[in-house]
There are 2 protein chains.
Amino acid sequence: MMTYEEFKGMVHLSRREICKEIFTENRDLIKVKKPDRVVKNLARIFEATLALSNKKGFHAMSLRDLSAGAGLSMGALYSYFASKEELLRMIQDQGRRVTTRILQEQIGTVAGPREKLQTAIVVHLYLSDAMQPWFYFSYMEAKNLPKKAQREAILSELATEQMFADIIREGQNQNIFGPRDPDMTSALIKAMLQDWYLKKWKYQARQVTVDAYARVVVDWAFAYLNREPVAE
Amino acid sequence: MMTYEEFKGMVHLSRREICKEIFTENRDLIKVKKPDRVVKNLARIFEATLALSNKKGFHAMSLRDLSAGAGLSMGALYSYFASKEELLRMIQDQGRRVTTRILQEQIGTVAGPREKLQTAIVVHLYLSDAMQPWFYFSYMEAKNLPKKAQREAILSELATEQMFADIIREGQNQNIFGPRDPDMTSALIKAMLQDWYLKKWKYQARQVTVDAYARVVVDWAFAYLNREPVAE
DNA sequence: GTCTATACATAGATAGAC
DNA sequence: GTCTATCTATGTATAGAC
């Protein structure tokens with residue numbers, strides 16, 4: 001598997017890539033026409049939005065704040081999106097595309113339930129670390145999304161969980177994992193993965209690295225899924 | 001240990017109790033003078049605030065919304081708090097008092113690391129379930145608090161985690177638990193406890209009860225802390 | 001104690017100059 | 001393409017009648 005540094009580089013590329021996609025798909029909504037300029041400014045706008053929102057909330061961030069943070073006038077901002085709500089939708093959209101694409105690319109290259117489970121955990125942690133502001137934002141601002149986008153977010157969340165549950169079931173069929181409830185187990189694995197990006201400040205202060213965190217989560221999962229559960 | 005139903009009753013009493021405390025301590029800020037009336041209306045205001053905020057965010061909840069939700073005019077609302085920010089502070093305050101008081105009452109009655117750990121997990125889950133709206137609110141709106149209150153919230157959070165870590169260390173000293181990192185272990189236990197109130201809708205839809213959830217978390221923790229960790 | 005009516009600030013959004 | 005200036009709606013908060 002690739003190192004975390006390589007991984008970060010890949011994520012960075014993918015993000016620019018998808019900024020372009022967003023642009024081509026929203027040509028009608030975005031008034032500026034030079035692709036390079038749009039991608040550059042969209043990236044700045046997204047970045048500033050995440051920074052400001054994660055500090056005080058998307059709703060509390062005024063477009064004047066954003067204007068200052070992104071280095072563009074309010075008038076200019078409206079050349080890139082039609083409303084504050086649409087800005088939210090675009091960010092949500094971009095993030096989810098990057099994550100699903102990279103998750104799919106990285107997983108599936110390995111075989112065997114134990115290896116699969118470990119890889120899924122590590123890749124998810126790497127990804128959520130490389131895109132921490134987006135993951136945090138996405139979690140905290142979900143309730144501000146319009147109904148339709150909210151449903152999409154939930155579906156995407158459940159799909160990830162299902163992925164873990166499927167790996168666990170496969171391992172149980174092969175008699176590698178013990179008879180734990182696959183849905184509950186994957187729910188709890190997800191809870192642990194989420195803590196990494198929701199409480200990043202805490203782990204950073206304690207100097208816990210992604211790799212160290214990954215190791216603990218993997219150990220924990222294997223201890224629980226071990227074929228001979230320990231009696232109470 | 002008491003049943004969940006008894007527990008809920010106790011929490012309900014404690015909440016009214018603490019509403020009174022809040023009132024006596026803020027006599028100067030609250031303009032209404034009849035205790036019964038204040039407690040009744042404060043409870044309605046708090047409840048409506050939690051309901052509205054948890055749906056669309058505290059900042060997005062206007063005082064007009066709250067006025068409608070609580071069944072009081074906007075003028076009347078301002079007889080109970082001086083500003084929206086202070087309302088936030090009062091809610092935060094009340095919740096934390098209830099939780100710390102009940103946690104302390106319930107824990108410490110048992111001896112032995114295994115029993116202590118189990119009790120701490122179960123009580124925390126019961127509490128966060130009985131006061132789910134407050135726990136959710138407290139987590140999601142932390143960043144909207146004034147600096148001082150934010151520090152208090154973090155301290156309280158870390159104290160809970162410390163409590164778990166201490167139990168684990170005790171168990172390790174008595175050679176009952178294996179050599180896992182106590183801080184990381186308690187951080188992950190907390191992550192699992194949080195998932196219960198942050199994703200309540202999910203577990204409700206799957207018909208997972210608090211007791212069932214508690215059992216899984218306890219099993220998981222014991223599997224991980226078992227004296228002979230399973231080799232990878 | 002609670003209400004209605006209103007003051008004042010700030011939010012999102014747009015028009016038109018450059 | 002981007003800016004400044006401005007419109008309108010909505011938000012918090014208060015005054016004063018009842």
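Small disclaimer: the values here were computed from a predicted structure and weren't measured. FYI, side chains are in, hydrogens and waters are out, and symmetry mates aren't considered; it's all heavy atoms of this structure. Every chain is numbered from 1, with letters handed out A, B, ... down the list of sequences.
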For the pair [X] and [Y], find out whether any cationic side-chain nitrogen is under 4.0 Å from an anionic carboxylate oxygen.
X	Y	answer
E85(A)	K148(A)	no
K190(B)	D195(A)	no
K40(A)	E47(A)	no
R97(B)	E25(B)	yes

End-to-end bend of the helix from dG1(C)-dC18(D) to dC18(C)-dG1(D) (five-pair axes, 10° rounding)?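 Taking five pairs per end, the axes differ by 0°.
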Using the ring centroid of each side chain, check whether Y136(B) and Y139(B) are separated by less than 6.0 Å.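 Ring centroids of Y136(B) and Y139(B) are no less than 6.0 Å from each other.
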Identify every side-chain donor-acceptor pair in residues 120-133 of chain B under 3.5 Å, counting partners at least two apart or on other chains, and give the distances.
| unit_1 | atom_1 | unit_2 | atom_2 | d |
| --- | --- | --- | --- | --- |
| Y126(B) | OH | D211(B) | OD1 | 2.5 |
| S128(B) | OG | H124(B) | O | 3.2 |
| S128(B) | OG | L125(B) | O | 3.1 |
| D129(B) | OD1 | W196(B) | NE1 | 2.9 |
| D129(B) | OD1 | K200(B) | NZ | 3.2 |
| D129(B) | OD2 | Y4(B) | OH | 2.3 |
| Q132(B) | NE2 | Y197(B) | O | 2.7 |

Does anything in residues 86-93 of chain B reach DNA chain D, meaning a heavy atom under 4.0 Å, and if so which residues?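 Nucleic-acid contacts, sorted: none.
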5'-most to 3'-most nt of DNA chain C touching chain B (<4.0 Å, heavy-atom partner on protein side) reads dG1(C) to dT4(C)
Might you list the N or O atoms of the protein lying below 3.5 Å from N or O atoms in nucleotides 6-11 of chain D, with each pair's distance?
| unit_1 | atom_1 | unit_2 | atom_2 | d |
| --- | --- | --- | --- | --- |
| dG11(D) | N7 | R64(B) | NH2 | 2.9 |

Please give me the minimum heavy-atom distance between A187(B) and Y203(A), naming the atom from each residue.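 The pair with the smallest heavy-atom distance is CB-OH, 3.5 Å.
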Exercise: do K199(B) and Q194(A) side chains pair donor with acceptor under 3.5 Å: yes
What does F81(B) touch in the nucleic acid at a heavy-atom separation under 4.0 angstrom: a base, only the sugar-phosphate, or nothing?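 No contact.
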Under 4.0 Å, heavy atoms only, any strand: does K31(A) hit a base, just the sugar-phosphate, or nothing?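 It contacts nothing in the nucleic acid.
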Using the six-membered ring of Y213(A), assess whether NZ or CZ of R215(A) lies under 6.0 Å from its centre and within 45 degrees of the ring axis. no
Tell me whether K31(B) forms a cation-pi arrangement with F81(B), defined as NZ or CZ under 6.0 Å from the six-membered ring centre and within 45 degrees of its axis.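 Judged by the rule, K31(B) and F81(B) form no cation-pi pair.
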My understanding is that only residues two or more places apart in sequence, or in another chain, count here; which of them pass salt bridge (charged side-chain N to carboxylate O under 4.0 Å, His left out) with R101(A)? E21(A)
